[in-house]
Amino acid sequence: MKSHAQAVVIGGGVVGCSVLFHLTKLGWKDCVLLERSELTSGSTWHAAGGMHTVNGDPNVAQLQQYTIKLYEEIQEISGQEIGLHLTGGVMLAGTQDRFDWLQSLHAKGRYLGMETEVISAEEAAKIMPLMDPKHFVGAVYDPIEGHLDPSGTTWAYAKAAQKQGGEIYQQTRVEALHQNEDGTWHVHTDQGDIHAEHVVNAGGLWAREVGKMVGLELPVLAMEHMYLLTEDMEEVKQFNESSGKEVPHAMDFDGELYLRQEQKGMLMGTYEKACVPWQPDATPWDFSMELLPPDLDRITPSLEEGFQHFPAFETAGIKKIINGPFTFAPDGNPLVGPVRDLPGYWCACAVMAGFSQGGGVGLALANWMIEGDPGFDVWGMDVSRYGEWITKSYTNVKVRENYSRRFSIRFPNEELPAGRPLRTTPVYDLMLSKGAQMGEAFGLEQPLWFAPQGVEEVFSWKRSSDFQPVSEEVKTVRERVGLMETSGFAKYVVQGEDAELWLDQMLACKIPKQGRMRLAPMLNETGKLIGDFTLTRLEEEDFLMIGSGVAEEYHLRWFTEYLDPELDVHVVPQSSTMLGLAIAGPKSRELMENVSSYDCSNEHFRFMEMKLMPVGLCECLVGRVSYTGDLGFEIWMEAENQRTVFQTLMEAGEPLGIGLFGLRALNSLRLEKNYGSWAREYRPIYGPLEAGLDRFVAYDKDADFIGKEAAIEEKDSGGKLRLKTFVVDAKDADVIGDEPIWHNGEVKGWVTSGGYAHASGVSVAMGYIPKEIAEEETGWEIEILGELRPHRKNQSSPPTWRNGIFGSACRS
Ligand SMILES: Cc1cc2nc3c(=O)[nH]c(=O)nc-3n(C[C@H](O)[C@H](O)[C@H](O)COP(=O)(O)OP(=O)(O)OC[C@H]3O[C@@H](n4cnc5c(N)ncnc54)[C@H](O)[C@@H]3O)c2cc1C
């Protein structure tokens with residue numbers, strides 16, 4: 001075995017082999033893959049080999065599309081047969097809700113260039129002869145679906161990688177990883193050591209153990225999974241002979257089943273509700289090419305339904321039941337990318353659909369390792385979407401919930417219950433006592449809306465039971481004073497003699513003077529948006545940065561990567577130690593003056609100013625800013641003071657008509673002010689000009705901030721896209737996100753977010769369109785649940801409410 005490599009990939013399943021293929025294809029020839037046993041000997045060898053492009057996250061769907069299109073290429077390069085069967089497939093809806101969901105997937109697919117088609121149940125039955133259409137209300141046909149030989153495919157990646165210079169050592173187990181002072185790695189194996197600049201954890205069933213080798217608790221767990229194979233079936237043979245085709249794939253979401261042809265019989269698999277984790281504590285190292293004992297009882301309820309939906313199965317003999325383990329992250333998407341404080345350690349784990357996603361994961365990771373950027377929007381599968389709050393038990397309950405809901409609908413207003421509450425703030429129970437309906441983000445519970453007595457959330461694609469209460473919350477803010485919790489934002493203190501120097505390089509804005517706040521876009525090297533913060537200079541060498549809560553780990557990873565040991569600067573996350581409340585509305589100034597005894601007039605407390613001041617008994621940092629677009633104050637305090645501050649504000653606010661509002665009202669309020677938000681309008685695929693944040697970029701400042709050159713280039717060329725706000729002539733449903741935007745009968749863009757702007761009484765959608773047509777006011781339509789809803793002519797933006805500061809972007 002060689003003693004040095006640029007990159008060592010740990011694991012020879014489909015994912016590791018794809019990573020090796022892409023690294024060597026993109027130019028890193030000196031790469032090695034180490035496999036403990038034989039290639040495919042984890043979860044790969046017993047996979048059903050099915051593949052499809054469907055994913056709730058359109059960016060992941062795009063990478064799935066890439067994966068499937070790659071197969072012919074790897075077959076050709078390697079000369080290895082992969083048994084590719086592109087049969088097409090039908091996704092079947094047993095209820096109207098499911099059909100709505102499928103239509104929304106179809107609509108999302110439009111702007112990604114997917115070729116799916118909405119069809120009736122009867123049309124589906126002509127394509128998929130084994131189904132009984134009476135159990136279904138409709139379907140979506142996808143021509144890019146099929147199956148392949150899992151082992152042949154893995155070997156095709158492997159052989160193609162070898163032809164490109166990669167080396168593979170089987171029967172070589174990585175036993176330990178040791179990082180040297182210079183950041184390189186010593187990979188200790190049972191066959192000797194390799195010194196490498198980079199290591200990739202593609203350990204599949206052992207990814208958790210390969211994480212532990214560097215002290216990581218990766219949120220990944222294996223689950224048992226079963227599918228059955230039938231004897232030859234007469235119906236299958238007849239269809240093959242009469243049509244000259246294979247029986248296509250079918251996904252029966254309400255039956256929780258998938259099926260496809262296997263030789264002259266069928267394969268049927270199910271994601272059973274009574275699911276079982278496999279080896280929840282540690283994966284044994286001697287497990288290899290083994291199957292688990294089948295448990296027919298567990299899948300019987302699903303099979304019974306399947307036999308009704310596909311009656312030919314009733315008389316088919318069952319040849320074999322396969323039960324094998326494979327891994328999941330809590331949300332079912334892969335865990336990909338680098339890890340904070342572990343330079344050169346990369347993850348390519350928890351890939352639950354290796355044959356749909358393996359190619360895309362390999363490409364994104366190889367780009368990331370070689371170019372420093374994945375080259376795609378991989379937010380949905382970035383390992384940094386989980387933080388230090390992850391525990392093994394949280395992963396366990398969440399993965400089980402995800403598995404059992406694999407084929408369930410998740411409504412846009414539905415919060416999933418498992419693993420909650422995990423992180424709460426001191427006002428949690430007070431909020432609950434006022435009717436708070438909680439949502440969870442980054443493990444933290446935050447009020448979404450406040451339900452009056454007797455009102456319950458009804459899950460729906462359309463406006464629901466929260467519509468009226470949220471409207472009342474909005475009214476409270478716009479007419480009197482509202483209070484919300486803001487602890488979910490990420491908070492960082494940046495300190496040190498060189499703090500200003502460092503921030504000047506990291507952020508694209510000018511650095512504020514003492515006591516002042518500034519909106520601060522952060523760019524990557526390619527000039528794309530990777531953050532939008534509010535930066536405050538508290539003291540000469542002391543700064544407070546507030547940013548998106550769900551991006552905390554993502555941002556900390558970036559900050560850590562760019563911390564220069566030569567500089568005196570420290571970034572200290574304040575996660576749960578500094579908490580927040582905000583008040584907004586015309587009476588918020590009076591309230592602030594009452595609780596602080598400070599003069600909060602415009603002259604003494606200017607917009608975008610922050611002061612340390614009392615709120616009742618407690619000293620707080622108070623900023624004059626509001627994401628609602630109203631007069632308002634954000635109040636940051638020590639966690640131990642939050643309850644007292646809350647009660648002080650509520651008591652003092654009572655005569656002013658104070659009311660609580662949640663994140664849904666905030667969304668409504670920010671929409672009519674054109675404020676974008678992180679992970680929706682602001683993502684690493686948009687430039688600041690495209691996103692309308694260019695006015696916060698100091699193109700002319702002296703510091704060579706990261707992405708400056710690319711940002712200037714974008715400014716000069718005008719970029720490609722524009723963020724535009726539409727007023728939609730909606731009926732009883734508003735946009736959710738990812739809907740197509742049509743212009744004169746063609747799909748030209750996509751929705752990033754939207755909803756109902758209660759104060760203005762209009763439905764709003766924000767989205768990206770080509771810059772060339774951005775100024776056009778007519779011809780626009782937004783697709784909502786399969787219907788094209790027009791944009792109101794001559795009204796490109798929602799009306800501003802009273803004297804709102806419409807148009808000035810703020811942070812999420
Ligand atoms: C019953 C069943 C049906 C499935 N059907 C489908 C399907 O139809 N379509 C689909 O897309 N997916 C399917 N899957 C999922 C699919 O199998 C996985 O997505 C895929 O195998 C993941 O591949 P991987 O490379 O990440 O992991 P693995 O296949 O587990 O590979 C990891 C490899 O790493 C090696 N390794 C681990 N640790 C070390 C170490 N320390 N040193 C050296 N080597 C190490 C292991 O030996 C192993 O070979 C199915 C899974 C099951 C169980």
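As the structure lists them, so they are numbered: ligands from 1, and atoms in each ligand from 1.
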Out of all atoms in ligand 1, which are within 4.0 Å of some heavy atom of [X]? Include the element for each.
| X | answer |
| --- | --- |
| Trp285 | 38 (N), 39 (C), 40 (C), 41 (N) |
| Gly354 | 10 (C), 11 (O), 12 (N), 18 (C), 19 (O) |
| Met352 | 12 (N), 15 (C), 19 (O) |
| His225 | 1 (C), 2 (C), 3 (C) |
| Thr172 | 43 (C) |
| Ala202 | 32 (C), 34 (O) |
| Leu34 | 43 (C), 44 (N) |
| Leu205 | 30 (O) |

Give a yes or no on whether a salt bridge exists between Arg36 and Asp190, defined as a side-chain N under 4.0 angstrom from a carboxylate O. no
Between Arg340 and Glu388 (salt bridge meaning N to carboxylate O under 4.0 Å), is one present in this structure? yes
Could an N or O of ligand 1 be found under 3.5 Å from any N or O of [X], whether backbone or side chain?
| X | value |
| --- | --- |
| Ser37 | no |
| Val14 | yes |
| Phe355 | yes |
| Glu35 | yes |
| Thr40 | no |

Any idea which protein heavy atom is nearest [atom], and the distance to it?
| atom | value |
| --- | --- |
| atom 36 (N) of ligand 1 | Gly11 CA, 4.0 Å |
| atom 37 (C) of ligand 1 | Gly203 O, 3.4 Å |
| atom 43 (C) of ligand 1 | Arg36 N, 3.1 Å |
| atom 29 (O) of ligand 1 | Thr44 OG1, 2.5 Å |
| atom 31 (O) of ligand 1 | Gly13 CA, 3.4 Å |

Do other residues, nucleotides or ligands put more than 12 heavy atoms under 6.0 Å from the [atom1] atom of [X]?
| X | atom1 | result |
| --- | --- | --- |
| Lys245 | NZ | no |
| Glu76 | CD | no |
| Lys212 | NZ | yes |

Polar side-chain atom of [X] near backbone of [Y] as donor-acceptor pair, under 3.5 Å:
| X | Y | answer |
| --- | --- | --- |
| His188 | Ala176 | no |
| Glu262 | Met266 | no |
| Gln261 | Val247 | yes |
| Thr395 | Thr391 | yes |

With no hydrogens and no angle check, just 3.5 Å: does a side-chain donor-acceptor pair link [X] and [Y]?
| X | Y | result |
| --- | --- | --- |
| His147 | Glu246 | yes |
| Tyr345 | Asn201 | yes |
| Thr184 | His195 | yes |
| Glu197 | His4 | yes |

What part of [X] sits under 4.0 Å from ligand 1 if we count only heavy atoms: the side chain, the backbone, both or neither?
| X | result |
| --- | --- |
| Pro150 | neither |
| Thr327 | neither |
| Met226 | neither |
| Trp45 | neither |

For [atom], which candidate among [options] provides the closest heavy atom?
| atom | options | value |
| --- | --- | --- |
| atom 24 (P) of ligand 1 | Leu148, Val351, Val15, Asn323 | Val15 |
| atom 41 (N) of ligand 1 | Leu177, Val174, Val361, Leu33 | Val174 |
| atom 3 (C) of ligand 1 | Gly49, Ala48, Ala176 | Ala48 |
| atom 52 (C) of ligand 1 | Phe326, Phe328, Tyr258 | Phe326 |
| atom 30 (O) of ligand 1 | Gly12, Gly358, Ser18, Ser43 | Ser43 |

Does Met51 come within less than 4.0 Å of ligand 1, judged by its heavy atoms? no
Show your working on side chain to side chain contact (heavy atoms under 4.5 Å, CB included) between Met233 and Lys264 and close with a plain yes or no. CA-CA 6 Å; Met233 288 166 69; Lys264 292 290 165 195; over 6 Å; no
Would you call the rings of Phe310 and Phe313 parallel, tilted or perpendicular if under 30° counts as parallel and over 60° as perpendicular? perpendicular
May I ask you to check whether Trp28 and His198 place their ring centers less than 6.0 Å from one another? yes
